[in-house]
Protein chains: 2
Amino acid sequence: MPVRYAQFCPVARALEVVGERWTLLVARELLLGPRRFTDLQAGLPGISTNMLSGRLRALEEAGLVARRALPPPAASTVYELTEAATGLAVVLAALADWGRDQLGPPRPDDEVNGAWLVLGMAVGRTVPPEASGRTWELRVDGGLPAGETFHVRSDGGHLRPQRGSAADPDAVLTLGTEALVALATGTLGPGADRAAALVTVTGDEASARHLLAALAGAPTPSADA
Amino acid sequence: MPVRYAQFCPVARALEVVGERWTLLVARELLLGPRRFTDLQAGLPGISTNMLSGRLRALEEAGLVARRALPPPAASTVYELTEAATGLAVVLAALADWGRDQLGPPRPDDEVNGAWLVLGMAVGRTVPPEASGRTWELRVDGGLPAGETFHVRSDGGHLRPQRGSAADPDAVLTLGTEALVALATGTLGPGADRAAALVTVTGDEASARHLLAALAGAPTPSADA
DNA sequence: CTGCATCCGCTTCGATACTG
DNA sequence: CAGTATCGAAGCGGATGCAG
């Protein structure tokens with residue numbers, strides 16, 4: 001246990017576990033679903049292999065990550081978050097909401113990744129009761145680069161984004177990277193109207209509008225009223 | 001700007017600003033009100049002076065902390081959070097709520113500090129509408145060690161803890177460190193009944209019960225219904 | 001006494017190379 | 001594909017020194 005603040009404080013304890021460099025970004029990658037070592041490396045540009053393996057081991061020892069062997073055909077290992085780690089979604093959501101104000105336009109050397117923005121917009125957000133229980137599919141740039149397709153489920157009004165396509169979505173939303181960036185940075189304003197112009201919707205348009213409003217909408221989960 | 005992830009991601013951007021060691025703990029100290037350099041050092045056991053001055057400068061450059069000169073009699077400087085940093089309360093609240101589960105009993109070398117626990121229990125929590133607009137005073141161990149007295153205001157049901165006593169509190173709650181620890185770790189259970197037995201209340205008991213329920217209560221801000 | 005800057009030993013981080 | 005091994009660089013912790 002490398003980092004110790006020696007303070008009996010919930011914040012300090014949390015930071016001892018997930019406060020080291022890269023750790024919360026590893027959690028971010030896993031929050032959208034299980035990933036293999038190489039997938040994680042691809043989603044964390046600049047991380048070195050020893051860092052990644054070290055962080056994964058630390059998270060495993062903390063009981064936040066479990067490794068699971070895939071069945072023979074794949075013959076590989078995936079890492080996934082445990083039940084104890086699902087509470088980190090709230091932390092990531094808070095950081096994402098606060099970080100949105102700090103984001104600004106993409107910097108020259110910034111990598112842009114649909115997964116990061118989809119997660120940042122969706123996790124922790126809520127939709128009104130009438131949109132509860134729905135499932136949406138999100139395709140960024142046509143969803144071509146194999147991994148730029150996501151789906152969002154609303155469990156009791158609470159949005160849960162994941163990688164991959166949805167089995168039977170209520171609506172499919174297709175949008176370009178620029179639209180995604182504009183949506184994520186809040187450049188479109190809180191309303192979903194201008195967003196709708198940049199997004200192609202197939203299926204139930206009303207529910208799609210609810211999703212867009214949530215994705216573009218108020219940072220704080222329940223502080224708009 | 002030492003740490004750069006080079007990712008166009010709100011979470012990564014947030015962590016570039018506040019993700020380094022000690023930074024969020026400095027914010028934690030300032031969230032309860034302005035502090036001088038030496039006060040901060042006392043509230044961050046183990047931090048070295050160069051670390052603290054470095055972090056304060058970084059936070060100042062990021063526009064999250066402002067230094068203000070006290071009037072001549074004191075002839076000193078205080079650091080305080082800016083408007084841009086108030087959003088960090090949500091991040092700290094999320095970390096505190098998640099960290100509570102990781103807290104367990106105090107470790108042998110852990111320092112215990114009333115401020116950390118009061119902040120961890122109060123920040124981000126809410127009280128029902130009938131307790132909105134109230135102010136409570138909290139005295140830990142009689143509030144004697146000069147700085148173990150706090151007050152909590154509910155702005156629209158949203159709790160805002162601060163250092164020092166309240167001007168005209170609706171109720172004054174006095175409790176020992178052990179009661180505070182039990183409350184903060186959730187050892188008392190979600191109800192405020194057993195908590196009330198360990199806390200001496202002066203003033204409006206009904207509102208005090210509301211506060212205790214919030215302090216001991218559900219981690220997630222709005223997920224109990 | 002407060003608010004730092006500087007120096008030093010140690011730990012962590014990052015990049016590359018290499019193995020099951 | 002999934003890591004471990006190695007090594008220079010950077011960050012960190014602690015002590016000391018010094019100006020306002």
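These figures come from a predicted structure and were not determined experimentally. Here is the naming used below: chain letters follow the sequence lines, and residue numbers restart at 1 for every chain.
For the pair A:R57 CZ and D:dA2 P, the interatomic distance rounds to 16 Å; values are reported in whole Å. Note: CD (B:Q41) to C1' (C:dC1) measures 12 Å, nearest angstrom. Remark: P of D:dG11 and CD of B:E16 are 14 Å apart, rounded to the nearest angstrom. B:F37 has its CZ atom 17 Å from the P atom of D:dG20, to the nearest Å. Distance CG (B:D39) to P (C:dT2): 8 Å, rounded to an integer number of Å. Between the CZ atom of B:R4 and the P atom of D:dG11 there is a distance of 14 Å, rounded to whole Å. Rounding to whole angstrom units, CZ of residue A:R21 and C1' of C:dG14 are separated by 10 Å. What separates CG of B:L52 from P of C:dT2 is a distance of 13 Å, to the nearest Å.
There is no side-chain donor-acceptor pair under 3.5 Å between A:Q41 and A:R35. Residues A:T174 and A:R139 bring no donor and acceptor atom of their side chains to less than 3.5 Å of each other.
Taking only side-chain nitrogens and oxygens, A:W22 comes nearer than 4.0 Å to OP1 or OP2 of C:dG14. A close approach under 4.0 Å does not occur between any side-chain nitrogen or oxygen of A:S53 and OP1 or OP2 of D:dA2. An OP1 or OP2 oxygen of D:dC1 is reached within less than 4.0 angstrom by no side-chain nitrogen or oxygen of A:T77.
Residue contacts for B:T38: at a heavy-atom cut-off of 4.0 Å it reaches the sugar-phosphate backbone alone, with no base atom in range.
Looking at A:S154, its side chain does come within 3.5 Å of a backbone N or O of A:R134 through a donor-acceptor pair.
Between B:R163 and B:E29, at least one side-chain N (NZ, or NE/NH1/NH2) sits under 4.0 Å from a carboxylate O, which counts as a salt bridge.
Toward the 5′ end of DNA chain D lies the nearest nucleotide of A:R67, the other residue of the pair B:G46 and A:R67 mapping further downstream. Of the residues near DNA chain D, A:Y5 and A:R36, the one whose nearest nucleotide (by heavy atom distance) lies more toward the 5' end is A:R36.
For D:dG14, the base has a donor-acceptor partner in the side chain of B:N50 [N/O atoms by modelled type, under 3.5 angstrom]. A donor N or O paired with an acceptor N or O is found under 3.5 Å between the base of D:dT4 and the side-chain atoms of A:T49.
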Test side-chain contact (heavy atoms from CB on, under 4.5 Å) applied to B:V118 and B:L138, step by step: CA-CA 9 Å; B:V118 169; B:L138 253 67; 4.0 Å; yes
